[in-house]
Amino acid sequence: MKKYIAKRLLTAIPVLLMISIAAFIMINLAPGDPTNLYVMPDATPEQMEATRRALGLDQSYPVQYMRWLTRALRGDLGISYSTRYPVLPILVSRIGPTVALMGTTLLVSYIIAIPLGIISARKQGTWVDTLLTGGAFIGVSIPNFFLGLGLIYIFAVQLKWFPTGGMLELGGNASILSVLHHLVLPVAVLSTFYIANMTRYVRSTMIDVYGENYIRTATAKGLTKQVILTRHGIRNALIPIITIIGTDLPRLVGGAIVTEQIFQWPGLGRLTILAINQREYPMLMAITLLSAVVVLLVNLLVDMMYAVVDPRIKYD
Amino acid sequence: MSTLKKMLRYSVVLFASSVLLAACGGEDVPDLEDAAVEGSETESDDLPDADADDGDTLMVGLTNAPDSFNPFYRPGVAGTWVQRFFYDSLLVMPTADSFEPALGSLETEDNQVFTVNVHPDAFWTDGEPVTADDVAFTLNTIAHPDAETTLGPNVAMIEGTNDSGIREEGLDELPGVEVVDEKTLTITTKSPVDLAYISEFLGFGVLIAPKHVFEGIEVADISNSDAATKPSVFSGAYQFVEYDNDNYVHMVSNPDYYRGAPEIENVYVRVMNGTALITEFQAGNLHMTAGGGIGMVPVQDIGLLEDIEGLVVEEFPSFNGQYMIINNDTYDNAKVRQAFAHAFNRQLIVDNLLNGRGEVLASTYTSATPYKDPDLEPLEYNPDLAKQLLEEAGFDFDTPIEFVVPTGNAVREQAGNLIEQWLVEIGLTVNQSNYDFPTWLAMAQDLDYDLGLMGYGHTVDPNIATYVQTGGSSNNMAISDPVIDDLLAQGMAGTSYDNRFPIYQDLQQHMQDEMPIVPLYSDSQFGVKVDNLNGGIKEYWAGSLHDLHEWSFE
Amino acid sequence: MTNPIVLDVNNLAVSFQTFEGDVKAVRGVSFQLKKGETLAIVGESGSGKSVSTKAINRLLPVKNTLIESGEILFEGKDLLQLSEKDMQKVRGNDIAMIFQDPMTSLNPTMKVGKQIAEPLIAHIGLSKEKAKARAIELMDLVGIRNPNEAYKRYPHQFSGGMRQRVMIAIALACEPKILIADEPTTALDVTIQAQILDLMNKLKKELDTSIIFITHDLGVVAQMADRVAVMYAGQIVEVGTADEIFYNPMHPYTWGLLASMPTLEVGKKQLYTIPGSPPNLLHPVKGDAFAPRNDYALGIDFVEEPDLFQVTETHYAKTWLLHPDAPSVIPPEEVRRRKEKYQTVRMGKACGERIGGGAIGSGG
Amino acid sequence: MVQHVGDKQAEALFHLVDAVERATVLGNTTEQLANDGDSYVKTVAKRFMKNKLAVISLVVFVLLLLTAVFADSLSPHPRDASVGMFQAAPYDNFLLGTDDIGRDVLTRLIHGTQVSMIVGFGSVLIYVIIGTTLGLVSGYFGGIVDSLIMRLTEASMSFPFFMVILTLVSLLGSGIWVVTAVLGILSWPPLCRLVRGQVLTIKEQDFVLAAVATGYSTPAILVKHILPNVLSPILVNATFGIATAILTEASLSFLGVGVKKPRPSWGNILSEAQSLRVLTSEPWRWVPAGILIFIAVLAINFIGEGLREAIEGERKS
């Protein structure tokens with residue numbers, strides 16, 4: 001297993017390198033000079049040049065890339081064009097809020113969706129199932145920004161139950177309670193999709209699993225429904241569900257862009273928008289790389305989870 | 001199942017710690033004593049209430065993130081404004097046409113040699129005195145050829161600099177800056193200048209940097225250095241504590257401030273969008289906005305702020321204006337350019353898009369500046385006349401006009417749509433396209449457009465050479481008019497308001513006749529604050545912080 | 001038959017709801033199972049044999065299955081009327097099943113030993129340890145080597161034959177009164193098949209279990225069955241002792257099946273296949289469902305469903321050919337040959353002779 | 001025994017049916033069979049029509065499509081013109097009110113339909129072509145080509161899709177065609193995998209092996225024999241793809257990087273509700289746009305689900 005992990009991590013290196021090159025090319029394809037954003041509108045060419053030099057934009061592209069790469073290997077991901085703060089700590093400071101937001105979302109979603117999916121599958125064809133699948137369809141079809149605006153209007157503006165945005169109260173108490181209070185609306189918006197999606201997925205997976213012969217065997221053994229579900233159904237259903245979780249997890253990085261924007265959540269999604277608007281190239285490079293690393297790690301994690309759940313899978 | 005349970009338990013822990021992490025990110029935000037005070041007051045309520053504050057924390061709303069805390073390099077308005085909390089300039093500007101000494105005074109006999117007397121009691125927060133050397137160092141650094149600075153124009157009048165404010169080749173130091181003694185220096189300009197001009201640009205516009213902090217750093221490296229990005233030694237009323245990127249700047253008072261210890265202990269300048277600004281005011285979490293285009297809700301939403309009880313909303317004219325810039329190469333006939341101006345119902349923009357909170361511009365000068373010609377009326381809205389002028393000029397109505405509207409300013413985008421429609425109404429063919437600002441600026445610099453919208457912020461000083469002078473650094477309109485160039489030169493040579501005003505009056509008239517750029521509108525500035533705050537935004541916005549140390553809660 | 005009846009299926013009719021409409025998969029099936037006997041149900045796929053037996057254990061999907069009529073009496077109770085909870089007590093305990101595909105019938109994520117132990121815990125209430133010990137015994141009984149080791153392994157670590165042995169161990173764990181084997185050897189190769197059948201016969205004798213053996217393979221029937229029911233299009237078209245079905249078949253469909261059965265005598269000669277394909281049970285069947293494929297079809301077969309005619313005390317067939325008005329027909333050569341043999345057997349039986357591969361052990 | 005049949009008739013019935021007779025009877029049955037042996041498309045269509053929700057959705061979707069096609073003639077006012085009062089609630093012939101500069105909200109919604117349909121169909125067309133081609137090639141040829149394409153697929157599938165699209169679109173300069181192209185070019189991997197999987201099973205089937213043995217050229221086999229058999233899953237995937245594309249475009253436009261103003265899109269109309277004033281006091285400016293996106297996406301999802309069920313033959317319960 002260790003050998004396998006090492007191998008996987010090794011093969012990730014060229015992939016990351018390719019991604020960094022692709023991202024570098026993509027970012028530099030953009031028209032317009034980011035320097036313009038960081039000088040006064042009446043800047044002289046000399047001033048422009050000085051800023052370009054300070055931002056490292058005065059070199060040719062290959063030199064810029066190599067410089068970025070050598071620094072990145074030492075853990076220096078460059079500086080923010082606007083504040084001149086190192087990118088890495090900024091990026092790191094945004095991981096917490098995004099993980100809190102997406103982690104809560106996924107946790108809440110799975111806790112709700114998995115039982116719902118199972119119920120829906122077990123009650124296939126009944127009004128409960130119709131209600132749940134219908135709800136799931138609505139959930140995946142409703143645009144999250146529309147839902148977000150609606151919730152802000154109802155719960156923040158009209159009822160004033162929750163704040164319209166942000167994560168913390170400043171100068172007041174910055175307790176977990178306050179963070180949770182701020183989390184409610186964005187999590188509600190995000191989990192609508194995840195719950196709906198996961199419910200549908202769990203339902204169809206459970207229906208598939210329940211169509212499997214070993215469930216028939218278990219039934220023929222005279223086991224109770226409860227035992228069949230917990231000992232035979234869920235564990236086998238977990239295998240495909242892990243795949244879906246594997247595709248959900250990378251969204252930790254940038255999946256909540258729209259929601260973070262609407263709720264002014266100080267996470268990676270909003271940082272991405274900011275970096276795009278501000279043409280913060282090193283920041284964009286760092287975000288891209290971070291998401292690539294997360295994806296590779298999640299894929300590895302998912303593959304290892306398979307091995308935990310499915311005895312047929314062994315990595316040597 | 002046991003593995004499953006383990007996994008589940010682990011994920012719960014992971015989740016809990018991530019929430020903790022998020023919370024912890026801010027837990028060190030308030031000072032301990034501050035938290036204690038708040039804690040006792042907000043036991044029953046999670047939301048701190050600005051009104052119930054006992055006056056030691058000021059919450060300021062800002063809609064643009066401050067970009068720079070570097071006194072030599074201040075590209076953004078928000079960064080500059082925040083820096084004034086902790087770096088002082090020689091002079092402050094309570095109003096647009098008055099100056100008061102702060103870190104120093106500026107005096108002249110002949111409008112060419114200016115004497116600076118540094119405040120005798122001024123100390124840096126690390127105990128070092130503020131000296132004439134600091135001032136000289138600051139000016140020399142700005143003029144240094146390697147410096148990354150935005151302040152070139154602020155020192156470009158000093159002897160030994162070129163037009164961009166960069167030290168002439170072959171010089172090691174500016175000959176125009178001479179330290180006389182510890183607290184005195186003289187500044188010599190290339191030619192006699194208006195005291196108001198040098199007071200605004202150099203006296204008010206340059207923040208004095210601590211020499212002993214920056215002198216060890218290569219000039220070219222200053223802007224990326226910690227000394228510049230995380231300042232630690234201050235001359236102002238407040239001391240910078242930290243900047244949480246895109247979230248807030250925290251500052252605490254400087255108890256040894258030479259003009260008197262500030263009344264309010266803590267200042268948080270919080271970054272948020274316009275919607276949050278309103279809801280935070282509603283929730284009582286803000287005391288004031290930064291105003292001035294960096295801390296303001298859209299003019300159309302001002303009504304929502306006015307509806308909040310306990311809030312004072314004041315309206316002031318602004319120095320910022322919106323213009324339609326014209327590619328003067330393409331449209332080299334003044335009649336055509338005037339036709340554009342006649343085609344636009346600019347009053348409608350002000351009445352409907354700005355809800356009347358603004359003015360139609362007759363020239364590049366807004367009513368905030370004393371140099372605005374009060375007698376010059378905007379060209380009237382007259383589409384028929386516009387059409388007629390175009391026909392007289394033999395204009396080709398079928399060639400599509402490339403009209404560019406930059407994104408990012410809602411009212412300007414809306415105005416752009418109306419303008420497109422007005423151009424169509426006089427029979428023109430228009431291709432409107434919207435671009436983000438850097439793209440649009442690059443296009444404008446390449447003259448890759450026919451018509452476009454642009455906003456300019458002006459100084460009190462009436463010099464607009466960078467925009468309209470032949471070859472001006474922001475002249476993206478290919479304006480090349482000897483009359484304008486001549487008037488601008490005359491204007492700069494004037495040394496007092498009285499002898500400069502008529503020159504700029506002529507300039508305004510000439511520009512209306514030639515119409516190289518179409519002035520559109522200027523939206524008002526607003527000062528928004530809670531009614532128990534003694535202080536806040538002034539009519540001359542840029543000078544609002546001049547009495548910062550005296551601000552208090554009633 | 002002196003043995004008591006353990007299972008009595010009466011007029012069972014089952015239909016499935018599909019997109020196109022209701023498929024009448026089982027159309028009035030009745031049979032009885034006696035203690036200790038092996039009843040084979042044969043027929044082509046889709047004839048309803050599997051459905052009828054799954055109905056016994058109520059293993060048909062609830063969602064789109066409709067039991068239209070009938071009763072299934074087991075120990076005096078109608079299984080169709082039992083609550084799900086009571087039914088759970090019957091399944092695996094009184095009535096156990098072995099399925100066709102051992103590759104997919106075991107839970108891939110559970111150790112096989114545990115899968116065997118499960119019914120012991122559920123029905124007999126054994127402790128975990130005792131269940132484990134018993135499971136290991138059972139594994140030994142069904143011929144799994146190193147049962148202690150094998151207990152801890154997962155299904156994918158076993159061959160198909162071994163997995164079917166595991167399935168048998170599961171089925172026999174609670175010593176059920178009835179074992180339903182649904183084509184248990186179809187997926188296995190011939191040698192393994194023979195081993196499994198031997199094992200089943202051996203265990204049946206040891207445990208005195210009644211078996212319903214479903215297959216489309218008459219060769220297997222010959223090795224296993226005491227009695228045989230032939231199903232076609234959701235109905236039992238002929239039922240009798242193994243001898244009667246093999247050597248004195250009355251229904252043209254049984255003739256077809258027998259004719260298409262490979263025997264040593266036929267050798268490499270081209271095997272007979274029944275022409276056409278079974279009717280689509282989505283549409284109501286008019287007359288005899290087999291008529292369109294029947295070389296011996298009578299005019300009435302296209303009009304009227306045949307009655308069940310009694311041939312002997314144990315032998316019934318559902319064909320108009322047995323009607324007194326029907327013309328006498330000559331069965332295919334293969335069947336004629338078998339009938340001739342039957343005459344010999346009847347005579348021989350009087351002399352205590354035996355025929356066939358031990359198939360008729362308890363017949364008659 | 002056959003009591004209800006008269007004796008004479010009974011006698012007549014008890015005769016062996018000869019080949020000719022049986023042929024006639026069988027003929028009837030074949031005719032009967034022909035009825036349910038409809039062509040594949042017809043069967044699927046029939047099943048689809050039984051799903052009421054899917055049919056209603058189809059009607060809704062066709063209406064939206066027609067709205068998009070005839071946007072100009074359906075619109076009560078010119079698209080970008082300031083024709084009414086500013087920020088007015090619904091009045092007179094401004095059924096959904098007006099926006100900041102007096103443009104008719106309804107007109108803009110109608111034209112927004114056009115944007116959604118162009119992006120929806122356009123991007124799906126692009127990615128179906130790419131995904132199908134790569135999937136066919138990958139599945140049919142196997143080997144290095146296959147593993148190369150599969151690596152690429154895995155890599156791109158696991159990326160935060162929306163983030164990449166957002167970055168690309170905003171850097172490339174947004175606009176309806178950029179959005180369509182970027183969405184099209186980046187959305188192919190799931191379809192590619194799907195097609196590949198199908199091809200892998202189909203290529204082992206007899207009729208394909210026969211075609212290979214007959215000496216058909218590889219492109220001919222791919223197009224004539226394999227492609228028709230993967231069309232159904234592609235169709236289902238493409239249907240859901242349209243919904244995803246519409247949602248993505250709306251999200252991008254909402255963030256201000258999608259369709260460029262002044263061209264209206266449902267997303268950029270909704271983005272105006274980020275202003276608290278519009279959000280709270282001018283609901284006609286954003287609620288209809290949100291509902292339209294929702295209805296369009298929901299309808300397409302129902303159609304997709306209906307199609308899937310019809311193709312897979314799963315009974316709609």
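Chain letters run A, B, ... following the sequence lines, proteins first and then strands; every chain starts at 1. Computation of the quantities below employed the complete heavy-atom set of this structure, encompassing side-chain atoms and omitting hydrogens, waters and symmetry-equivalent molecules.
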Report, in residue-number order, which members of [range] are under 4.5 Å from chain B by heavy-atom distance.
range: residues 89-111 of chain D; answer: D/D100, D/I101, D/R103
range: residues 174-190 of chain D; answer: none
range: residues 250-264 of chain D; answer: D/K260, D/K261, D/P262

Of the listed residues (B/N434, B/L353, B/I349), which shares the most heavy-atom pairs with chain D below a 4.5 Å separation? B/N434
side-chain hydrogen bond (donor to acceptor under 3.5 Å, both in side chains) partners for B/N327, two or more places apart: B/T330
Does a sphere of radius 6.0 Å around OH in B/Y435 hold more than 12 heavy atoms from other residues, nucleotides or ligands, not counting ones at 6.0 Å or beyond? no
Is there a side-chain contact between D/D80 and B/N417 (heavy atoms, below 4.5 Å)? no
Under a 4.5 Å cut-off applied to non-hydrogen side-chain atoms, are B/L348 and D/F86 in contact? yes
Sort B/E413 into side chain, backbone, both or neither according to what part of it lies under 4.5 angstrom from a heavy atom of chain D. side chain
Using heavy-atom distances under 4.5 Å, tell me whether B/Q414 contacts chain D through its side chain, its backbone, both, or neither. both
Can you tell me how far apart CG (B/D301) and OG (D/S281) are? Round to the nearest 0.5 Å. 8.5 Å
Proximal component of D/Q274, with respect to chain B [non-hydrogen, under 4.5 Å]: backbone
